[in-house]
Colleague: 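Below you will find the structure I want to go over with you.
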Amino acid sequence: AQSVTQLGSHVSVSEGALVLLRCNYSSSVPPYLFWYVQYPNQGLQLLLKYTTGATLVKGINGFEAEFKKSETSFHLTKPSAHMSDAAEYFCAVSERGNDMRFGAGTRLTVKP
Amino acid sequence: DAEITQSPRHKITETGRQVTLACHQTWNHNNMFWYRQDLGHGLRLIHYSYGVHDTNKGEVSDGYSVSRSNTEDLPLTLESAASSQTSVYFCASSERGLAVAEQFFGPGTRLTVL
C-alpha cells in the first residue's frame with residue numbers, strides 16, 4: 001500500500017527565508033501526489049497536486065513542488081516565507097483510484 | 001456559495017454511548033469521505049462513499065459506520081464510543097474519482113470520549 005513520510009514534524013524559518021518541507025512517498029504504481037495546508041481550527045485546503053505531465057507543479061500562495069521519481073520525493077518550496085504561511089502542511093499520495101494516504105504533517109513556524 | 005459543514009463542532013460523550021457526527025455538502029459532489037486526525041498520524045481514512053447507497057471501508061473503519069441515503073449527507077456513527085476514538089474528525093467531498101479530484105474539507109468536529 002502507498003505511504004508518505006514527511007521529514008521533520010516542525011520547521012521554523014525567518015520571514016523572507018526559503019521554505020522547504022520534505023515529503024517522500026512509497027507507491028507500487030505511478031502516484032498522484034498532493035500538498036494540503038491546514039490553518040488553526042480549520043479544515044484542509046489544497047495547495048497543489050501532481051497527476052501526470054510536468055514534474056514541477058505550481059500552487060497557490062507562491063508554493064511549488066517538484067515530483068522526482070528517482071528520489072521518490074515531492075518536496076514543497078516557497079522562495080520567501082511570509083508570516084501568513086504559518087500553518088500545518090500535509091503531503092498525501094494516492095494510487096489512482098485507491099484511498100489517499102496522508103503524512104503525519106509538518107508544522108511551519110515563521111519568525112519575524 | 002457551495003460549502004461543506006459539520007455538526008456538532010465539539011462533542012463530549014461517555015464510553016459506550018452511540019454518537020453520530022453529521023456532514024452536509026452543497027457542492028453536489030458524488031464522493032464523500034470521513035477522516036480522523038490524531039497527533040503524529042496525520043489524517044486517516046475511516047469510510048468513504050462514491051454515491052448514494054455506496055459505502056466503503058477505509059484504513060481505520062473498526063467501530064465506525066456510515067450510510068448514504070442522499071447526495072448531500074454522509075453521517076458517521078460510532079456504535080459504542082471508546083476513549084481511543086477521541087479525535088478530530090473531518091468530512092470531505094470531491095467531484096470525481098478519489099485519486100485525481102481535489103477534496104474539499106469541512107471545519108472538523110472535535111470529539112472527546114470520557
Side-chain angles (χ1 to χ4, degrees), chain A residues 1-10 21-53 57 59-60 67 74 76 87-107, chain B residues 2-10 21 23-25 27 29-50 54-61 64 66 87-110:
Chain A
Q2 70 273 34
S3 65
V4 170
T5 301
Q6 291 185 240
L7 301 176
S9 58
H10 291 88
L21 304 183
R22 299 177 186 274
C23 172
N24 287 90
Y25 70 90
S26 172
S27 176
S28 58
V29 299
Y32 293 158
L33 296 159
F34 307 80
W35 276 100
Y36 281 84
V37 60
Q38 184 181 32
Y39 298 103
N41 299 313
Q42 294 186 26
L44 279 69
Q45 303 173 33
L46 182 68
L47 273 178
L48 49 81
K49 66 180 179 182
Y50 168 79
T51 54
T52 59
V57 181
I60 61 173
F67 169 59
F74 192 57
L76 182 70
E88 186 140 21
Y89 292 80
F90 293 93
C91 183
V93 63
S94 178
E95 286 186 343
R96 302 187 179 229
N98 294 329
D99 56 6
M100 184 180 291
R101 300 296 175 97
F102 286 82
T106 297
R107 183 169 298 279
Chain B
E3 61 178 355
I4 180 166
T5 58
Q6 294 183 234
S7 61
R9 294 295 311 278
H10 301 271
L21 308 182
C23 174
H24 179 81
Q25 53 98 2
W27 292 97
H29 286 163
N30 287 328
N31 306 329
M32 296 184 72
F33 314 90
W34 274 104
Y35 295 90
R36 59 178 289 174
Q37 183 179 26
D38 303 290
L39 194 63
H41 290 279
L43 276 76
R44 291 180 290 176
L45 184 64
I46 305 172
H47 282 285
Y48 59 101
S49 168
Y50 286 153
D54 175 75
T55 61
N56 305 278
K57 293 182 178 180
E59 182 185 0
V60 290
S61 60
Y64 303 94
V66 293
S87 186
V88 181
Y89 291 85
F90 287 97
C91 180
S93 70
S94 69
E95 182 176 358
R96 296 189 302 278
L98 172 65
V100 177
E102 174 183 357
Q103 293 188 24
F104 293 85
F105 283 80
T109 294
R110 184 174 296 275

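Chain letters run A, B, ... following the sequence lines, proteins first and then strands; every chain starts at 1.
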Colleague: Can you say whether R9(B) sits under 4.5 Å from chain A via the side chain, the backbone, both, or neither, judging by heavy atoms?
Modeller: side chain
Colleague: Taking everything shown except R44(B) itself, do over 12 heavy atoms lie less than 6.0 Å from its CZ?
Modeller: yes
Colleague: Give the minimum heavy-atom separation between G40(B) and A104(A), together with the two atoms involved.
Modeller: O-CB, 3.4 Å
Colleague: For D54(B), give me all partners under salt bridge (Lys or Arg N to Asp or Glu O under 4.0 Å), at least two apart in sequence or on another chain.
Modeller: none
Colleague: Give me the atom names and distance for the closest heavy-atom approach of Q38(A) to F90(B).
Modeller: NE2-CZ, 3.2 Å
Colleague: Looking at residues at least two apart in the chain, or sitting in another chain, which of them share a side-chain contact (heavy atoms from CB on, under 4.5 Å) with A92(A)?
Modeller: F34(A), M100(A), F102(A)
Colleague: With a 4.5 angstrom heavy-atom cut-off, could you sort out which part of Q37(B) is near chain A: side chain, backbone, both or neither?
Modeller: side chain
Colleague: What part of Q6(A) lies closer than 4.5 angstrom to a heavy atom of chain B: side chain, backbone, both or neither?
Modeller: neither
Colleague: Please say whether more than 12 non-hydrogen atoms of neighbouring residues, nucleotides or ligands are located less than 6.0 Å from CD1 in I60(A).
Modeller: yes
